[in-house]
2 protein chains.
Amino acid sequence: MQDLELNTDAYLPLRDVVFNTLREAILRGDLKPGERLMELQLAAKLGVSRTPIREAIRMLQQEGLAVTIPRRGAEVAGMTEKDMEDVLQIREALEILAVQLASEKVTDEQVDELAEKVKAFEEVLKTKDIKQIAQADIDFHDVIYTAADNPKLLGMLNNLREQIYRYRVEYLKDEKNYPRLIEEHQQILDGLRRRDKAYVAEMTRTHVDNQANAVKNIIRRQE
Amino acid sequence: MQDLELNTDAYLPLRDVVFNTLREAILRGDLKPGERLMELQLAAKLGVSRTPIREAIRMLQQEGLAVTIPRRGAEVAGMTEKDMEDVLQIREALEILAVQLASEKVTDEQVDELAEKVKAFEEVLKTKDIKQIAQADIDFHDVIYTAADNPKLLGMLNNLREQIYRYRVEYLKDEKNYPRLIEEHQQILDGLRRRDKAYVAEMTRTHVDNQANAVKNIIRRQE
DNA sequence: TTGTATTTTTTTGTATACAACGTTGATTCT
DNA sequence: AGAATCAACGTTGTATACAAAAAAATACAA
């Protein structure tokens, strides 16, 4: 772990600031799986008392980003290949649900917005800036989630995305995936424009499957 | 709210004891949607300090059972019909995923176990003890979740079940649903015995759909 | 009476104190 | 040397104290 820094902009209870800070640090990889989250240490580093730290840890724990053992404290949750497979299976089911719902409810404006995101994604691929690419991909999918009009589902998909984030970044580094990614996005967009539920479901399945396989390969290579 | 009582068996941090206690109280309906969760009051009632209460509230909040507004405190989360629809859609997708996975991985022993649960469910329906009936239904589905061999999915389905629990109990009170429930359980069992993935998926869809419609009716009536 | 300022009270947010537990490493005994 | 024991330290668990904000009650003026 290195320099954590509090992001003290608007008024938020410190527990939320700490929660966000730690979550980002975990996703970014600054805090590695298995690394202990010691209250006093974190409190000193972030310049707050143990109380907000403890509450943030309880939230991270419920979010699946940390595990705590009573009387021993919390550590960053790790992920085995099996864990990741499990998450990816769930994500596939929910992504398909989201796109199906979207195909029923999407407005013309949202279709246009999605078209923009597809284009923006294509553009940003050229920059080879992984952070930006990942964000553009998130933006694309967020339009779909929003169109699905199910906030609870949106929350769950965001949570699942978090769990995968670290590995998915690796996937997005591999340029040979780019043409396929672009095509898949385009197909999903076309399907939504036609409100073709079965088609978008199938395209999304392929899209997520490809990612899932790549992520699994990456994990296997890391072990 | 009435008599909350701490369930102080094995060693668990107080935050977990409080968390369980409050969760049960919310699900049982002792704590009603919108009811404020005041730290001092709860601390006094449960005989602990504010610290474990606060941590438990953070957990409930991440679990979706409570909502907290900064500087105003937490209250029991309510559910509109739309919220419930959203949850039920997700649950359907995940139940189907679970039963499909189960159809791939279920062992003969688990099929036998499931057969037992079907029988037990049938038996317990005669007692008209709602608590027992609900538990027997949970037991049935838990065998499937376990066979699906995806702990993360199990956790999510349990959480969704929690959110629905209060209303589902009403559904289980209506005796005219019993014959259909028995038949649906039987069909899912048969499908799993044959490892017929498409069939169990379809039966589960029907099963969950029926419940979903009933629950939605109950909510509509409550409003 | 009504509306507004002011104060009082209640409640949350944060820090800190102290106790209990676990771990580690030294020390003693075999 | 190796195992067992114990002491010292570090860490978490829990309670409490104090500050700050919000809500409620009160007083006062129109």
Side-chain angles (χ1 to χ4, degrees), chain A residues 1 4-23 25-26 31-63 65-78, chain B residues 1 4-23 25-26 31-63 65-78:
Chain A
M1 184 190 57
L4 295 177
E5 201 56 52
L6 280 200
N7 202 3
T8 172
D9 36 346
Y11 171 73
L12 265 184
L14 285 182
R15 60 166 177 270
D16 292 318
V17 180
V18 172
F19 173 69
N20 288 328
T21 304
L22 292 180
R23 189 182 59 194
I26 292 172
L31 289 167
K32 297 191 178 36
E35 192 164 343
R36 290 185 67 183
L37 299 172
M38 279 180 297
E39 301 168 7
L40 217 69
Q41 184 202 39
L42 290 173
K45 190 154 310 227
L46 298 178
V48 302
S49 80
R50 283 174 60 206
T51 309
I53 301 280
R54 286 179 65 84
E55 297 191 26
I57 287 176
R58 295 289 92 74
M59 294 191 277
L60 290 169
Q61 162 194 323
Q62 229 63 14
E63 197 92 2
L65 257 34
V67 295
T68 90
I69 302 155
R71 289 256 162 233
R72 272 224 40 206
E75 53 183 56
V76 178
Chain B
M1 184 189 58
L4 297 178
E5 201 56 52
L6 281 201
N7 203 3
T8 171
D9 35 349
Y11 171 73
L12 265 184
L14 285 183
R15 60 167 176 272
D16 291 319
V17 180
V18 173
F19 173 69
N20 289 327
T21 305
L22 292 180
R23 189 182 61 194
I26 292 172
L31 289 167
K32 297 194 178 33
E35 192 164 343
R36 290 185 67 184
L37 299 172
M38 280 180 297
E39 300 168 7
L40 218 70
Q41 185 203 40
L42 291 172
K45 191 155 311 231
L46 298 180
V48 302
S49 80
R50 283 175 60 210
T51 309
I53 301 280
R54 287 179 64 84
E55 298 191 29
I57 287 177
R58 296 289 91 76
M59 294 191 277
L60 291 169
Q61 161 194 325
Q62 228 64 15
E63 195 92 2
L65 257 34
V67 294
T68 90
I69 301 156
R71 289 256 156 234
R72 273 222 41 206
E75 54 183 55
V76 177

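In what follows, every chain begins at residue 1, and chains take the letters A, B, ... in the order their sequences are listed.
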statement: Residues A/P13 and B/P70: closest non-hydrogen pair is CG-CB, 3.8 Å
- prompt: Whole Å only: how far is the CG atom of A/L46 from the C1' atom of C/dA15?
  reply: 15 Å
message: Quick one, A/L37 and A/I53 - any side-chain contact, counting heavy atoms below 4.5 Å?
response: no
What does the list of N/O pairs under 3.5 Å between the protein and nucleotides 10-14 of chain C look like, with a distance for each?
| unit_1 | atom_1 | unit_2 | atom_2 | d |
| --- | --- | --- | --- | --- |
| C/dT12 | OP2 | B/E39 | N | 3.4 |
| C/dT12 | O2 | B/R71 | NH1 | 3.3 |
| C/dG13 | OP1 | A/R15 | NH2 | 3.2 |
| C/dG13 | OP1 | B/R71 | N | 3.1 |
| C/dG13 | OP2 | A/R15 | NH1 | 3.3 |
| C/dG13 | OP2 | B/R54 | NH1 | 3.2 |
| C/dG13 | OP2 | B/R54 | NH2 | 3.3 |
| C/dG13 | O4' | B/R71 | NH2 | 3.1 |
| C/dG13 | N7 | B/R50 | NH2 | 2.9 |
| C/dG13 | O6 | B/R50 | NH1 | 2.8 |
| C/dT14 | OP1 | A/L14 | N | 2.9 |
| C/dT14 | OP2 | A/L14 | N | 3.1 |

task: Please map the stems of DNA chain D, keeping only stretches of three or more Watson-Crick or G-U wobble pairs with both distances under 3.5 angstrom.
output: C:1-30 with D:1-30
Side chain to side chain donor-acceptor pair (under 3.5 Å) against A/R15, all qualifying residues, sequence neighbours excluded: none
- prompt: Sequence neighbours excluded, which residues qualify as salt bridge (charged side-chain N to carboxylate O under 4.0 Å, His left out) partners of A/R58?
  reply: B/E55
statement: When every non-hydrogen atom of A/V76 is compared with those of A/K32, the smallest separation belongs to CB-O, 3.3 Å
- prompt: Hey, does A/Q62 have a side-chain heavy atom less than 4.5 Å from the side chain of B/Q61?
  reply: no
task: Using side-chain contact (heavy atoms from CB on, under 4.5 Å) as the criterion, list what pairs up with A/R72, not counting sequence neighbours.
output: A/R36, A/I69
All salt bridge (charged side-chain N to carboxylate O under 4.0 Å, His left out) counterparts of A/E75, not counting sequence neighbours: none
